[in-house]
Amino acid sequence: MSDYLAGLNPAQRDAVETTEGPVLVLAGAGTGKTRVLTTRFAHLLLTKRAFPNQILTVTFTNKAAREMRERLHRLLGQPVEGLWLGTFHALCARMLRRFAERVGLTSDFSILDTDDQFRLLKQIMEAAHIDTKRWPANALMTQIQRWKDKGYLPGQIPANESSDFANGKAEALYKAYQDRLKSLNAVDFGDLLLLMVNLLKTDAEVLSTYQRMFRYILVDEYQDTNLVQYYWLRLLAQGHKNICCVGDDDQSIYSWRGAEIENILKFERDFPGAKVIRLEANYRSTAPILAAASHLIAHNEGRLGKTLHPGRVDADGEPVEVVAVWDSEEEARMIASRAESLWRAKHKLSEVAILVRAGFQTRAFEERLMVLGIPYRIVGGLRFYERQEIRDALAYLRLLALPAYDLAFERIVNLPKRGVGEGAMRTVHEAARAMNIPLYAATQKLVAEGGFKGKLRETLRGLLESFARWREELALRGPVVALETLLDESGYLAMWKADKSPEAPGRLENLKELVRALADFETLPQFLEHVSLVTENEDQAGDDKLSMMTLHGAKGLEFDTVFLPGWEEGLFPNQRALDEGGNKSLEEERRLAYVGITRAKHRAIISHAARRKSYAGWQDAIPSRFLDELPENMLRHSGSAQTQPYRQPHMSAGFPVLAKRPARASKIPLGARVFHQKFGYGRVIAVEDDRLDIDFETSGEKRVLDRFVERHDT
DNA sequence: TATCATCGGGTTTTT
DNA sequence: CCCGATGATA
Ligand SMILES: Nc1ncnc2c1ncn2[C@@H]1O[C@H](COP(=O)(O)OP(=O)(O)OP(=O)(O)O)[C@@H](O)[C@H]1O
């Protein structure tokens, strides 16, 4: 009967069986945290403590949610219905749809993608006469997101969290943006959390509905939750306090998205008497891999401290390899050919991964794998629903479903080119504003009342008629037929067919794929919801393919063999991260390295190149400092530059060693008052070449590059 | 209004 | 080097 508990060690079992009260499972990589969470869910069901819909389970990605659903299915021998299992965003969206009117929306509100978000913000900035060259809309988008991560609505931002963006106009712009969203009956990604938390705070009925509904709460990857997510959890768990969070402070890698490791400490504070359970046996990796990872991460300060020892019976293993290669092309050849050998030796390619720091690094490997005919998949990368042609088609669909969705109207009104230009759009905008109606309705009205002249008039009339027809098609014959008809009749397909650029056939293929994807859904709104929330590519996991992804994307996964290329200063640790966040960022980069190494079950192969091709030509590189932080007795060195003492990056010995940046004296003098995009105003307190130590008025002392600041003497 | 040339700017990580 | 944004021309 309790078969499902058999696969657990005593500590894990404790974590599963302590069902009541707050539990924090704090444990290193590969100790079975996710397994604990899944088993705990099964345990709650099988001991009849709760029904599936009374357990709220939060995962970090949609993919992790899917996997957990499958594992549950296997564990219980049958699929489970009515689950509340998903990402924070997906779960909030579901709640918010139900209570949309209470936040001033209707239940069919749209969820903006980043592209629409950007366009909207830019419009708002232009309306406020802000120079978007000097103050990029992107920066404001980030700032607003940061505020939302912390749970601040416009008007609630504390003075020390305010922004110097556009001379202090950021908050007003934030307000304008929120107002505009509301009038569009739309929210952005951050709003899903922000509005829901606010609703829970202000509406006792909604709060108690969910507090009573969810008798147990489970949270995976707790170390990467941000403040607003924490508030959400705290509000929901406040009644019964049956909340179980699992996490690892050494794997916190999303601070740039507002994640706060401090949430781990807050948990014990806000849930007094929380039971903290530590898991120490790592079941994933061989002893050398584990030792290498542990030694590396020990260089971080202020860790919560966890012991980790091999838990596998076959924990002996090969040392971690460190391969020094001459350049990035050799690195690609080396990794591809080693993957090929593994493949020939009957290893599964699905157990091989290449994990990189930044997305662009995958390209070199792709080219090489293609030459050797090795099947691969890129996880993450540019996502299906973010491709231009898909977004265009989606805009048509959105407008079909929601005629008031102005952003979609603007996107497709002249796509394909119909001769509806700036002038015509200005007329439409003015009419819409004057009558306080959506753009689509305004166009209808203008056309009906004899607006526009000649060809333009006919074009718009034709377009409106088409939409009416497509809507009828949608009602009568369903979304798939409607989409096919619309793509054809709008001339959108023809546009790509006529396009003779090399990527056009791929785009047509993607559009076909979109039609196939749509067929899996019953209604158009369901599909649109899916598209808004599931940003990842659906991977056909069955195929035996090598995986390539960023280190961020690899969180929670495991592979037999893991390649970790590009361990060079500047790339990894990433220079920009270092420039922006100093030592804190360095530690986060180190955690990223820790995550990377601990993905490997049997083989970890780290490599670094002496020269790397970049957009500016060949760039010399020095080995990553993280290589120096690995335990020598757990490593095996190899590669064309094997004999070089690459561990002393600052001595030239075989490698052409160049300084990372040319040491250029800064033109900004000591004591100058300066302005920095991110940190605001401050005074220069030290100058070293092109690096400045600045005492910022709002964010304290930071070291930054002089090209990131401008003088602002008063 | 559409199209082409030129310019300048920028590569972190993603729900 | 490759993208997008911008501005002159058909
Ligand atoms: N008690 C156990 N006995 C044997 N294998 C186990 C046990 N617990 C977990 N494992 C295995 O160890 C591996 C790691 O487990 P899991 O992914 O749950 O760890 P995790 O702590 O979530 O890891 P990470 O934080 O690195 O993502 C998995 O392959 C899992 O099946």
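So that the names make sense, note that chain A is the first sequence line, chain B the second, and so on, each numbered from 1.
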Face-on cation placement of A:Arg391 at A:Tyr385 ring, 6.0 Å and 45° thresholds:
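No; the conditions do not both hold, so A:Arg391 does not lie above the ring face of A:Tyr385.
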
A:Arg94 NZ/CZ over A:Trp84 ring centroid, <6.0 Å and within 45° of normal
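Output yes; distance and angle both within limits.
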
Reckon [X] touches a base, only the sugar-phosphate, or nothing at all at heavy-atom distances under 4.0 Å?
| X | value |
| --- | --- |
| A:Tyr254 | sugar-phosphate |
| A:Gly380 | nothing |
| A:Phe572 | nothing |

Let me know, please, whether A:Phe189 or A:Asn414 comes out on the 5' side of the other along DNA chain B by nearest nucleotide.
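The answer here is A:Asn414.
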
Reading DNA chain B from 5' onward, which residue's closest nucleotide shows up sooner: A:Glu589 or A:Gly423?
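Looking at DNA chain B, the more 5' nearest nucleotide goes with A:Gly423.
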
Please confirm whether the backbone N or O of A:Lys584 pairs with a side-chain atom of A:Glu587, one donor and one acceptor, at under 3.5 Å?
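No: the side chain of A:Glu587 does not pair with the backbone of A:Lys584.
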
Would you kindly say whether A:Thr225 and A:Asn263 are connected by a side-chain donor-acceptor distance under 3.5 Å?
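A donor-acceptor contact under 3.5 Å links the two side chains.
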
Is there a donor-acceptor contact under 3.5 Å linking the side chains of A:Tyr594 and A:Gln251?
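A:Gln251 and A:Tyr594 do not have a side-chain donor-acceptor pair below 3.5 Å.
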
What's the [atom1]-[atom2] distance between [X] and [N], to the nearest Å?
| X | N | atom1 | atom2 | answer |
| --- | --- | --- | --- | --- |
| A:Leu586 | B:dT12 | CG | C1' | 15 Å |
| A:Asp149 | B:dT15 | CG | P | 14 Å |
| A:Leu112 | B:dT15 | CG | C1' | 15 Å |
| A:Lys122 | C:dG4 | NZ | P | 12 Å |
| A:Phe118 | B:dT14 | CZ | C1' | 17 Å |
| A:Leu571 | B:dT13 | CG | P | 10 Å |
| A:Met549 | B:dT14 | CE | C1' | 14 Å |
| A:Gln117 | B:dT15 | CD | P | 14 Å |

What pairs of nitrogen or oxygen atoms, one from the protein and one from nucleotides 7-11 of chain B, lie under 3.5 Å apart?
{"from": "B:dT11", "atom 1": "OP1", "to": "A:Arg576", "atom 2": "NH1", "distance (Å)": "3.3"}
{"from": "B:dT11", "atom 1": "OP2", "to": "A:Arg576", "atom 2": "NH1", "distance (Å)": "2.8"}
{"from": "B:dT11", "atom 1": "O5'", "to": "A:Arg576", "atom 2": "NH1", "distance (Å)": "2.9"}
{"from": "B:dT11", "atom 1": "O4", "to": "A:Tyr615", "atom 2": "N", "distance (Å)": "3.4"}

Closest to the [X] side chain: [options]?
| X | options | value |
| --- | --- | --- |
| A:Lys417 | B:dT3, B:dT13, B:dT15 | B:dT3 |
| A:Glu580 | B:dT12, B:dT15, B:dA2 | B:dT12 |
| A:His552 | B:dT15, B:dT12, B:dT13 | B:dT13 |

Check for me: is A:Trp256 stacked on B:dT13 by the 5.5 Å centroid and 30° plane-angle rule?
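Stacked: centres under 5.5 Å apart, planes under 30°.
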
Can we call the ring centroids of A:Tyr254 and A:Trp256 under 6.0 Å apart?
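Centroid distance A:Tyr254-A:Trp256: below 6.0 Å, so yes.
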
Check ion pair A:Arg363-A:Glu366 (N to O, under 4.0 angstrom):
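Looking at A:Glu366 together with A:Arg363, the answer is no, because their closest N to O distance does not fall below 4.0 Å.
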
